[in-house]
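So you know, we letter chains A, B, ... as the sequences are listed, proteins then strands, and number each from 1. Keep in mind that what you see is a predicted model, and the values were worked out from it rather than measured.
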Amino acid sequence: MDILSSLPLEWVPIYPMNRKDVVFDVFKHHISYKDGLPPYAQARIIDLITNRLIKARQYPTLWVSVDAPGDWYVVEVKRLVKKKIPMTVQPAWKTIVIERNFSQSIHPTYLREGDLPILAPRFDPADYGIKESVLRVLQIMARLKTAYRPEIASLAGFSESHIRNLLKQLQAENLIERRRIGKYEGYAIRTKGLKLAHRSWNIPKGVHFEKHRGEFRYAGERHRRVSRRWRAWLEAAHPNIEILESWTEAPLFYGIPDALIWGRKGEHEILFWLEVDSGHSSKKVMRRNYSHRFQNAYQHAKRLGISIVFCIMGPPWVVRFFPSCIPYLYPNMTIIGQDWRAFGKLPFYETGGWFSGIDNRKKYPTEKPLPFDPSQYPPKPKKKGISTKPKSTKPKYSKGFDDADWWYRGSSEREE
DNA sequence: AGGATCCGAAGCGCAGCGTC
DNA sequence: GACGCTGCGCTTCGGATCCT
């Protein structure tokens with residue numbers, strides 16, 4: 001049938017009875033943690049493929065091969081995928097699967113002799129004459145739609161200089177274009193680029209992936225920028241942490257972090273969950289939101305046996321208010337807070353506590369008195385993340401915190 | 001008020017690094 | 001030596017601030 005020929009899968013039948021005409025109808029789909037997609041989006045692609053398979057075959061099954069170090073990514077894909085047909089999600093090094101590995105028992109299919117399915121070829125960047133690094137940038141752009149260079153560099157984990165070259169190549173191929181976004185010139189992906197990104201993820205032609213692909217929520221300019229540069233921020237602050245991947249707005253469990261970094265320290269996997277809070281919602285709403293999220297995050301981390309570092313960023317008063325939103329301190333979760341203007345700086349932390357990078361002694365011009373007594377809340381910050389001094393003490397806020405960047409020196413400087 | 005100045009963000013070129 | 005990549009210095013641009 002025609003549907004099959006549009007699916008970039010491999011056919012890897014299992015012969016349970018040693019008869020050529022009786023098979024388990026297994027299709028294999030490959031994904032990688034380097035695809036620029038969080039597990040959630042990969043799972044949605046798998047669902048779309050599944051739907052096609054159901055239309056095309058009587059008893060199809062799917063074997064998803066996941067190229068990823070550690071456990072978290074594989075486990076997340078496994079958890080998020082809908083298992084409408086017998087399915088198995090395996091790390092890429094597994095080259096053989098058996099019936100037991102599948103989520104449900106498999107109905108055998110009777111095949112006419114020589115009746116081999118014809119499938120579309122799996123994506124290979126070489127076929128499109130595109131280098132892997134260039135493709136990576138394109139895939140990131142497909143999620144962002146429009147972005148500034150430092151944001152793209154951060155998410156890709158490349159230097160800005162290098163990103164510049166890669167963007168130039170994409171531009172030469174008409175896959176992206178320069179466009180003015182707000183105040184500055186940035187980059188926007190073009191339809192041609194989106195199509196190629198979709199092909200690179202082995203998404204069947206003709207399915208709608210748009211709503212799963214990108215960032216979900218509206219975010220203010222600064223909010224977005226801080227989120228997108230989370231990786232670069234963490235790299236600058238804690239260079240000893242190995243970062244495996246980072247995404248903005250990656251759906252996790254019941255919450256969507258503004259940005260998520262999946263990394264590790266030695267063999268131990270860690271999620272760095274960023275929430276950027278501009279402080280526009282009321283304190284009551286903030287409290288409610290966060291106590292929920294922590295409960296969920298804690299359960300998730302416990303189930304997976306990993307640890308989570310949760311970071312709240314926002315204007316100083318939000319970070320200072322934040323401890324009152326924490327119902328408990330959990331043993332496998334660290335909570336840190338930082339002023340969202342202090343790029344590249346994060347407080348020192350130890351697992352299980354609350355640490356703030358905000359200097360409590362410093363007076364901020366538009367500061368309102370604290371609505372609570374800070375001393376009634378758990379551990380005090382152990383180290384100040386801010387070392388630079390104000391250049392001026394004159395208040396000059398007029399339009400709110402979004403414009404208040406004035407007392408931080410260059411963002412590239414590092415402590416120690 | 002209006003021009004001068006400052007500053008942060010983005011951009012470019014290029015030297016230089018390590019790896020194959 | 002080509003390749004993939006980083007670091008750094010310098011320019012440009014535009015908004016905010018300062019000064020008269």
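Rounded to whole Å, the distance from CZ on F158(A) to P on dC3(C) is 17 Å. Atom NE2 in H162(A) sits roughly 12 Å away from atom P in dG7(C) (whole-Å rounding). Between the CD atom of E132(A) and the C1' atom of dC5(C) there is a distance of 16 Å, given to the nearest Å. For R229(A) and dG8(B), the CZ to P distance is 13 Å, given to the nearest whole Å.
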Less than 3.5 Å apart, which donor and acceptor atoms pair up between the side chains of residues 158-171 of chain A and the rest of the protein, not counting sequence neighbours?
{"residue": "S159(A)", "atom": "OG", "partner": "H162(A)", "partner atom": "N", "Å": "3.1"}
{"residue": "Q169(A)", "atom": "OE1", "partner": "K131(A)", "partner atom": "NZ", "Å": "3.4"}

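Scanning for side-chain contact (heavy atoms from CB on, under 4.5 Å) contacts around K192(A) gives N174(A), L175(A), with sequence neighbours left out.
Under the 4.0 Å criterion applied to side-chain N and carboxylate O atoms, K34(A) and E132(A) are not assigned as salt-bridge partners.
A cation-pi arrangement is absent between R179(A) and Y187(A), since the terminal nitrogen or guanidinium carbon is not both under 6.0 Å from the aromatic centre and inside a 45° cone about the axis.
Proximity of a side-chain donor or acceptor of E10(A) to a complementary backbone N or O of H30(A) within less than 3.5 Å is not detected.
With dC5(C), dG4(C), dA9(B) as the candidates, the nucleotide lying closest to the side chain of K131(A) is dG4(C).
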Requested in this report: Go along nucleotides 11-17 of chain B 5' to 3' and tag each nucleotide: B for a protein heavy atom under 4.0 Å from its base, S when only backbone or sugar atoms are that close, - otherwise.
Outcome: BBBB---

**Report entry** Full working for side chain to side chain contact (heavy atoms under 4.5 Å, CB included) between K28(A) and L9(A)
**Finding:** CA-CA 6 Å; K28(A) 187 175 178 185; L9(A) 301 171; over 6 Å; no

